[in-house]
There are 2 protein chains.
Amino acid sequence: MGIAERRAREKAGIRQEILDAARELFVKEGYEATSIRKIAHKAEYSPGTIYLYFEDKQAVLEALGDEMFRRLDQRMQAIEQDSWGDPLVRLRRGLRVYIEFGLEHPHHYCLVFMLPPEQLSRPMDPLKLQNAMASFQHLVVMVQSCMQAGSIPVGDPQEISQALWAGAHGITSLLIAKCGFPFIEQGRLIDRVLETLIEGIRNK
Amino acid sequence: MGIAERRAREKAGIRQEILDAARELFVKEGYEATSIRKIAHKAEYSPGTIYLYFEDKQAVLEALGDEMFRRLDQRMQAIEQDSWGDPLVRLRRGLRVYIEFGLEHPHHYCLVFMLPPEQLSRPMDPLKLQNAMASFQHLVVMVQSCMQAGSIPVGDPQEISQALWAGAHGITSLLIAKCGFPFIEQGRLIDRVLETLIEGIRNK
DNA sequence: TGCCCATGGTGAACAGTGTTCATTATTTCA
DNA sequence: TGAAATAATGAACACTGTTCACCATGGGCA
């Protein structure tokens, strides 16, 4: 019964080849410029073949988004589990990592967090949602640690985590999308946002 | 010389007809679904005619974005000039109006604030930038009022205004783009974000 | 009034897009 | 080796933004 396994291995291999080609195009050119035909050409397959391994273009790029989620998840987990020091400092570091991660992978960040609704009209299948939730959950845990340590007032961890996420996402997406706006020095602005958020949840 | 004027009036009229058609499609369907051919058909012109009045599709939709900026500007100005009461309350109301405005016009908000960089690769011509700056400037004035009134510590108004904008933009764009995510009740989340931002700039 | 020219609108055409599907080639199993 | 199943193809469809040779209509002039 080694044949079926080999087939499955090959199938997964080709899928990966397609993803590699797609990623290479995507990180350089972004969503619009990454066409099925270009992906197929780079992976040395015909356009039709892509549809044997992915439902449509959206599915290909969603797979790239998943890769990003997993890497973000790892970084956040690393910070969450570093249990030394003030949990508030850890929380702040987590938010900073989130922002820096987004700025390092702007196209990926747009793909996952900024695509307008008409493009994600399909209601975000539960599996991917679980993935996104996992990444977000690290933030919730860090907020809970702060509450337990008495660094911030006790309250609804979901509420506070979502507010913090909004803040971090806000500066990340603004810096990515509105690069024409005359922002003050980027590092100082990020510092100020983090300062505001942390101070904001400390004093209630 | 009435002829040239009539010609100019007609030209402006047709331009407006095109914009009206584009707006109607855009608010219902969003960026992708609003095609030049659909606009032309709705305005009862041929596709080529659009290009006699606008440089390209991007220019048509940018004009819609300008309309939005002007209306946002009016609302912000109304709040800024209402000089009664605590300036901090006014600032908070301004931020809330910004968020609500975005949620009322999600496609417009995406168009102006969330389009990924590959689509706005042209470096945001200075006139439009001035427009955006005008809207933002109201926020700066409100922050300065707070400083003068002693409601918040004295600091760089640009820095604080940009941080506040990031926060307001964050929750607005998240709620628009990630409508699949299990957010807590929207009103409560917005309140929490505003609370966090205001408390954050008060204490430092 | 009759003519000419310039302006404005047209719609076919170009190069590209995502997606589908009948046809072909390859591989597996009897 | 022959039959059946599977995989890959690339042409075709319906769309996209954009350009441009063509034509008609209206204004100025003799």
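By convention in this document, chain letters (A, B, ...) are assigned in the order of the sequence lines, proteins followed by strands, and residues within each chain are numbered from 1.
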With the side chain of [X] defined as its heavy atoms from C-beta on, choose the nearest nucleotide among [options].
| X | options | result |
| --- | --- | --- |
| B/Y51 | D/dT16, D/dT18, D/dA12 | D/dT18 |
| B/Y53 | C/dG9, D/dT9, C/dG18 | C/dG9 |
| A/I36 | C/dG18, C/dG9, D/dT18 | C/dG18 |
| A/L52 | C/dA13, C/dG9, D/dA8 | D/dA8 |
| A/Y45 | D/dT9, D/dA12, C/dG9 | D/dT9 |

- Could you tell me whether the side chain of B/D156 reaches within less than 4.5 Å of the side chain of A/R188, counting heavy atoms only? yes

- Task: Please tell me if the side chains of A/E195 and A/R92 come closer than 4.5 Å, counting only heavy atoms from C-beta onward.
- Result: yes

When the distance from [atom1] of [X] to [atom2] of [N] is rounded to whole Å, what number comes out?
| X | N | atom1 | atom2 | answer |
| --- | --- | --- | --- | --- |
| B/E10 | C/dG9 | CD | C1' | 13 Å |
| A/E44 | D/dT9 | CD | C1' | 15 Å |
| A/K57 | D/dC15 | NZ | P | 18 Å |
| A/I50 | D/dA8 | CD1 | P | 11 Å |
| A/K11 | C/dT27 | NZ | C1' | 15 Å |
| B/K38 | D/dA14 | NZ | C1' | 12 Å |
| A/R15 | D/dA8 | CZ | C1' | 18 Å |
| B/L25 | D/dT16 | CG | P | 11 Å |

- Task: Name the nucleic acid region contacted by A/I14, choosing base, sugar-phosphate or nothing; use a 4.0 angstrom heavy-atom cut-off, strictly under.
- Result: sugar-phosphate

- Message: When you measure from the side-chain N and O atoms of A/S46 to the phosphate of D/dG10, is any distance below 4.0 Å, counting only OP1 and OP2?
- Response: no

- Message: So, does A/T49 get its side chain near the phosphate of D/dT9, meaning an N or O under 4.0 Å from OP1 or OP2?
- Response: yes

- Message: Could you go through B/R202 and B/E199, starting from their C-alpha distance and side-chain angles, then the distance that decides it, and tell me whether this counts as salt bridge (Lys or Arg N to Asp or Glu O under 4.0 Å)?
- Response: CA-CA 5 Å; B/R202 235 153 59 110; B/E199 283 301 313; 3.3 Å; yes

- Message: Is the ring pair B/H105/B/H108 parallel, tilted or perpendicular, if the boundaries are 30 and 60 degrees?
- Response: perpendicular

- Which class fits the ring pair A/F136 and B/F181: parallel under 30°, tilted 30 to 60°, perpendicular over 60°? perpendicular

- Message: Tell me whether the side-chain N or O atoms of A/R37 pair up with the base of C/dG16 as donor and acceptor below 3.5 Å, since no angle test is needed here.
- Response: no

